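Only heavy atoms go into these numbers, but all of them, side chains included; no hydrogens, no water, no symmetry mates. Note that the coordinates shown come from a computational prediction; the quantities given were computed from them, not determined experimentally. As the structure lists them, so they are numbered: ligands from 1, and atoms in each ligand from 1.
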Amino acid sequence: MREVTLVGGGLAGALLALMLARRGLTVTVYERRADLRIERIEEGRSINLALSVRGLHALEQVGLADAVVAQTIPMRGRLIHPVSGNTSLIPYGRTPEQVIRSVSRRNLNVQLLDALAHEPNAIVHFHHRCVGYDLRTRTLTIRDESAGREFRVEAPVVIGTDGAASAVRLALLQSLRMNYSQEFLEHGYKELTLPPAADGSFRIEPHALHIWPRGGFMMIALPNLDRSFTCTLFVAHKGTPGFDQLTTRDAVRDFFTQTFPDAVPLLPQLEDEFFRNPTGGLVTIRCSPWHVNGQVLLLGDAAHAIVPFFGQGMNCSFEDCAVLVELFDAHNGDWGVIFPRFFELRKPNADAIAQLALDNFIEMRDTSADPHFAIKRQLEHLLEERYPGQFLSKYAMVSFHRVPYVEALERGRVQDQVLMELCSQVNSLAEIDVAEALARVQAALARR
Ligand SMILES: Cc1cc2nc3c(=O)[nH]c(=O)nc-3n(C[C@H](O)[C@H](O)[C@H](O)COP(=O)(O)OP(=O)(O)OC[C@H]3O[C@@H](n4cnc5c(N)ncnc54)[C@H](O)[C@@H]3O)c2cc1C
């Protein structure tokens with residue numbers, strides 16, 4: 001089948017459309033929002049994202065990696081802000097090249113849509129919302145939101161890239177025996193702006209992901225190209241502290257003054273933004289299967305929305321795109337073979353990164369403030385340097401190497417337990433016998 005219809009022209013949809021159009025397919029994309037290259041759209045969520053190796057690898061496949069990287073800000077490590085005292089940087093990687101990159105969601109989507117606009121066999125219909133899909137007749141129901149009319153269109157092959165609230169997934173749920181779960185975190189998030197200084201410079205270190213870990217909750221900040229930062233506060237919806245208690249300007253100011261004292265002078269619009277910006281929810285969505293015959297497939301957040309704490313939702317969705325087109329090439333475009341194989345390959349990995357992301361919330365908000373955690377990261381870098389090919393940290397497996405998420409989860413958990421146990425007994429890296437640490441890790445991995 002040389003025609004394919006994508007529902008959703010967000011990050012994964014635009015990239016996949018480009019990959020498929022370049023393979024000579026006729027690609028039609030229905031996107032519910034306006035064309036963000038023309039209209040300024042309120043995003044409503046995460047203004048910037050951390051891009052790492054899996055996302056970059058997929059972008060390389062369409063020749064866009066360099067252009068995208070040029071519009072990013074490298075972040076070398078986590079810069080920890082305690083309530084009082086000095087900040088400290090915990091590097092992500094062992095070498096200067098091992099960074100993750102802050103990228104604007106909007107810019108990235110624009111770059112992908114611009115590239116797609118050059119493909120004569122691809123078309124994107126903006127303001128077109130999918131409101132239904134009939135599996136039996138293979139027809140989509142689309143609402144043209146600018147014309148205010150609804151129509152049905154035959155779509156023999158549909159890929160749902162319509163994100164966490166996928167309409168395609170909903171249609172499958174209604175007509176198939178599909179397993180489905182959505183698990184909300186008790187925490188929500190709120191975005192706030194840390195603007196540039198009066199002279200236009202960054203007000204805090206730009207080459208880092210800032211974290212204010214507070215045990216049970218936290219705030220983070222990622223740099224933007226305009227020299228502002230986007231701060232994201234993650235606290236429970238209910239409780240102490242909780243969004244349900246932060247209901248007055250005084251309550252918000254008091255909470256920030258007590259909890260994030262160094263950030264308060266940098267957030268001039270704190271109270272205004274706090275009440276103006278939405279409080280987002282954080283959800284893990286798992287479903288199976290992701291496909292029906294060679295007819296429909298779910299990909300990206302539509303198949304597996306995860307919490308954002310490993311910075312992998314987009315990276316994983318981009319890796320989905322790369323894997324799907326690899327299968328397309330290997331199986332001569334036979335969707336009947338490609339879709340089940342894709343599901344078989346990606347489902348265990350999607351489940352693994354969902355778990356890694358949940359685990360990383362604990363690490364970021366609680367453990368990263370522990371001095372033994374900094375020693376553990378130093379030890380991991382030393383092990384990687386001394387024993388290349390024998391040791392990789394969990395973070396490196398996920399963010400700097402494309403080790404399957406399943407392996408990163410399984411190996412990472414064992415390694416973390418052994419190394420954290422060692423590091424919790426010492427006050428500096430010098431007290432640790434590195435060869436002995438490797439031997440313990442290897443013994444624990446062998447016992448798995
Ligand atoms: C706070 C937060 C921080 C994050 N940080 C990171 C990070 O640092 N790194 C990272 O890798 N990931 C991060 N993510 C995850 C990342 O945003 C998602 O994984 C990624 O956007 C998934 O891409 P997608 O194309 O599958 O879905 P989306 O980007 O959600 O795109 C879906 C598209 O489908 C369209 N659509 C929806 N419904 C319909 C419909 N019925 N009809 C037609 N079109 C429709 C939407 O308008 C949208 O354009 C974060 C997420 C959040 C919420």
Side-chain angles (χ1 to χ4, degrees), residues 5-17 28-36 41-56 58-59 72 75 100-106 108-110 112-113 124-133 140-145 158-171 185 187-191 209 220 222 230-234 277-285 298-321 350 353-354 357 360-361 364 398-399:
T5 304
L6 268 58
V7 176
L11 296 176
L15 176 61
L16 184 62
T28 305
V29 182
Y30 293 105
E31 166 55 52
R32 83 174 145 82
R33 292 176 312 184
D35 185 345
L36 41 76
I41 303 169
E42 280 305 312
E43 285 292 345
R45 72 181 175 148
S46 93
I47 288 153
N48 52 24
L49 305 150
L51 173 66
S52 51
V53 67
R54 295 165 204 263
L56 283 169
L59 290 166
T72 63
M75 298 183 290
I100 59 173
R101 294 177 176 279
S102 178
V103 66
S104 147
R105 180 188 291 277
R106 183 176 187 281
L108 179 54
N109 213 158
V110 164
L112 290 166
L113 290 172
V124 186
H125 298 284
F126 294 99
H127 283 303
H128 280 60
R129 178 193 290 268
C130 167
V131 291
Y133 174 65
L140 283 166
T141 306
I142 302 290
R143 187 183 303 141
D144 176 346
E145 309 220 274
V158 171
I159 304 183
T161 44
D162 49 348
S166 168
V168 178
R169 189 184 65 230
L170 184 65
L185 222 58
H187 291 67
Y189 71 96
K190 174 86 71 184
E191 291 188 317
L209 189 152
I220 65 168
L222 273 73
T230 303
C231 299
T232 313
L233 170 71
F234 295 96
N277 294 350
T279 304
L282 298 163
V283 68
T284 303
I285 290 176
L298 301 173
L299 180 144
D301 274 17
H304 48 68
I306 64 176
V307 295
F309 303 109
F310 222 121
Q312 285 296 311
M314 164 191 63
N315 286 290
C316 175
S317 302
F318 279 5
E319 191 171 62
D320 279 356
C321 299
I353 189 57
N360 221 44
F361 186 31
M364 286 174 87
V398 170
S399 303

Can you sort out which atoms of ligand 1 are near [X], meaning under 4.0 Å from one of its heavy atoms?
X      : value
His128 : 43 (C)
Val7   : 42 (N), 43 (C)
Ala167 : 41 (N)
Gly300 : 26 (O)
Met314 : 10 (C), 11 (O), 12 (N), 15 (C), 16 (C), 18 (C), 19 (O)
Gln312 : 9 (N), 10 (C), 11 (O)
Thr161 : 32 (C), 33 (C), 34 (O)
Arg33  : 47 (O), 49 (O)

For [atom], which candidate among [options] holds the nearest heavy atom?
atom                    : options                       : value
atom 31 (O) of ligand 1 : Gly10, Gly9, Ala171           : Gly10
atom 5 (N) of ligand 1  : Leu15, Leu49, Asn315          : Leu49
atom 46 (C) of ligand 1 : Glu319, Glu31, His127, His125 : Glu31
atom 53 (C) of ligand 1 : Phe234, Phe126, Tyr189        : Tyr189

Those residues at least two apart in sequence (or on a different chain) that pass side-chain contact (heavy atoms from CB on, under 4.5 Å) with Ala171 are Tyr133

Side-chain heavy-atom pair [X], [Y] within 4.5 angstrom cut-off:
X      : Y      : value
Glu191 : Pro278 : no
Asp301 : Ser317 : yes
Leu51  : Leu56  : yes
Pro308 : Phe234 : yes
Val124 : Asp35  : no
Asp144 : Arg129 : no
Arg105 : Asn48  : no
Leu222 : Ile47  : no

Any idea which part of [X] is under 4.0 Å from ligand 1, heavy-atom wise: side chain, backbone, both or neither?
X      : answer
Tyr30  : backbone
Cys130 : both
Arg105 : side chain

Tell me whether [X] has any N or O atom under 3.5 angstrom from an N or O of ligand 1.
X      : value
Pro308 : no
Asn48  : no
Ala302 : no

Please state whether the rings of Phe361 and His187 are parallel, tilted or perpendicular, taking 30° and 60° as the class boundaries. perpendicular

Closest approach of Met364 to Ile220 (non-hydrogen atoms, all atoms of both residues): CE-CG2, 4.0 Å

